[in-house]
Number of protein chains: 2
Amino acid sequence: MAPDDVKFFPPASDTRGKVLATALQLFTRQGYFNTSVSQIVRVSGCSTGSIYHHFGDKEGIANALFEALVARIDALFDDIERRHSGAAKRCRAVIELLFTLTEAEPEVMEFVLYARHREFLPERGPICSARPFRKMRDFVARGMETGEVRAVDPVVAAASVYGGALRMIHLRLDGVLERPLGEFLDEVWACAWRSVAP
Amino acid sequence: MAPDDVKFFPPASDTRGKVLATALQLFTRQGYFNTSVSQIVRVSGCSTGSIYHHFGDKEGIANALFEALVARIDALFDDIERRHSGAAKRCRAVIELLFTLTEAEPEVMEFVLYARHREFLPERGPICSARPFRKMRDFVARGMETGEVRAVDPVVAAASVYGGALRMIHLRLDGVLERPLGEFLDEVWACAWRSVAP
DNA sequence: AAGACTAGAACGAGCGTTCGTTCTAGTCAA
DNA sequence: TTGACTAGAACGAACGCTCGTTCTAGTCTT
């Protein structure tokens with residue numbers, strides 16, 4: 001999985017693309033309410049009028065971001081399901097994906113991870129983090145049927161398998177880890193799988 | 001560990017206490033920027049003037065909340081270190097504490113977990129989640145010296161041990177789990193410890 | 001020339017904050 | 001005991017500023 005394959009917002013030349021890329025950065029870095037529309041105007045180089053023409057209002061920008069990110073992440077998870085079989089391979093692929101994504105576009109990861117707890121769009125936030133989790137739980141639950149995963153509550157098992165990886169991602173985003181996540185992948189995966197292997 | 005032992009804000013009669021309790025609830029439920037000072041005035045029953053007299057400004061309220069929570073959590077972790085010996089017992093005690101705390105005062109847990117990603121006090125946020133993690137890493141690292149924990153990067157090991165528990169807490173706070181966390185404790189702990197046991 | 005898009009000045013609502021006043025409790029002199 | 005005095009706490013109307021949003025004149029493209 002090359003870093004470029006998970007790029008969400010390649011350098012855009014159109015208004016929509018420029019505004020979304022700017023908003024993602026500013027919202028993530030300083031928060032939705034600390035980001036004024038006029039700042040988006042300044043940084044993106046687009047005018048107030050054109051922004052309101054395209055997005056309706058400030059919340060419309062956040063909504064558009066959401067839709068783009070949710071769709072892309074769903075697609076990435078579907079990809080993993082299609083390309084790998086078996087709980088172990090799929091779970092490992094998910095962790096690898098998340099690590100790659102974090103290194104390639106930390107803002108995207110931060111946006112997704114904390115969507116639920118951001119102060120805007122409180123009712124839409126959970127979608128962002130709940131759907132990936134449900135996928136993980138399904139992977140694990142199916143592994144349980146085949147005996148690949150030991151019998152535990154599927155929710156507990158799923159939480160165990162990728163809880164450690166998520167924690168590492170948080171640490172990386174917080175600047176605690178100096179080396180890229182890729183270097184920890186094997187150790188993280190070993191711990192994760194041990195927790196649910198029969 | 002009885003739920004009452006982890007109560008942060010018992011019903012208060014003084015202005016400071018009432019404002020802090022109100023702010024915790026409102027900030028957690030609807031966010032810092034979605035909460036106006038006048039709403040705190042209305043809900044807490046205290047006047048604008050007295051709030052500014054006690055806290056200086058709106059940010060002062062958040063700062064005071066922070067200090068109270070960080071101090072209390074540090075104390076709880078120290079308590080665990082004093083009362084238990086060995087990595088396994090300490091780690092399990094931490095998970096149990098976090099589960100109890102989540103059930104007793106979900107707002108406190110939410111405030112602490114997402115402090116880093118809230119839109120206010122961006123430079124103070126990390127303290128709140130980083131310090132507990134450092135404690136966990138120390139517990140695990142010392143367990144490694146005695147052979148109680150297998151040799152892995154201590155950060156990875158710490159992340160593995162309580163990553164799963166944290167994920168469960170997130171799910172509970174998001175309303176995904178219907179049963180209280182206590183009922184999952186044994187299974188969560190079994191998974192957690194397997195991931196780092198020799 | 002016509003339509004789609006852009007520009008940025010202007011607007012009004014709502015916010016955090018201030019400030020002059022009142023209230024309360026404690027202290028002391030007579 | 002009473003009255004005067006003081007300091008801190010509480011009050012809430014009013015202020016000024018910033019923000020999201022609108023509007024109209026202007027600029028491209030075809």
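Numbered from 1 within each chain, the chains take letters A, B, ... in sequence-line order.
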Find the distance [X]:[atom1] to [N]:[atom2] and express it as a whole number of Å.
| X | N | atom1 | atom2 | result |
| --- | --- | --- | --- | --- |
| A:His53 | D:dC23 | NE2 | C1' | 15 Å |
| B:Gln39 | C:dG14 | CD | P | 14 Å |
| A:Ile61 | D:dC19 | CD1 | C1' | 13 Å |
| B:Tyr52 | C:dT18 | OH | C1' | 9 Å |
| A:Ile40 | C:dG8 | CD1 | C1' | 17 Å |
| A:Lys18 | C:dC5 | NZ | P | 15 Å |
| B:Arg42 | C:dG16 | CZ | C1' | 14 Å |
| A:Asn34 | D:dT18 | CG | P | 15 Å |

* Asked: Taking NZ, NE, NH1 and NH2 as the nitrogens, is one of them in B:Arg83 or B:Asp79 under 4.0 Å from a carboxylate oxygen of the other?
  -> yes
Can you tell me if [X] touches the phosphate of [N], counting only side-chain N or O atoms and a distance under 4.0 Å to OP1 or OP2?
| X | N | value |
| --- | --- | --- |
| B:His54 | D:dA10 | yes |
| A:Ser47 | C:dA7 | yes |
| A:Ser38 | D:dC19 | no |

Measuring from the side chain of [X] (C-beta onward, heavy atoms only), which nucleotide among [options] has the closest atom?
| X | options | value |
| --- | --- | --- |
| A:Lys58 | D:dT21, C:dT17, D:dA9 | D:dT21 |
| A:Val37 | D:dA10, C:dG16, D:dG20 | D:dG20 |
| A:Ser36 | C:dC5, C:dG16, D:dC19 | D:dC19 |
| A:Thr48 | D:dT22, D:dA10, C:dG16 | D:dT22 |

Strictly distance-based, threshold 3.5 Å: is any side-chain N or O of [X] a donor or acceptor partner for the main-chain N or O of [Y]?
| X | Y | answer |
| --- | --- | --- |
| B:Lys58 | B:Tyr32 | yes |
| A:Arg150 | A:Ser195 | yes |
| B:Glu187 | A:Asp153 | yes |

* Residue pair B:Glu110 / B:Thr28, side-chain donor-acceptor N/O under 3.5 Å -> no
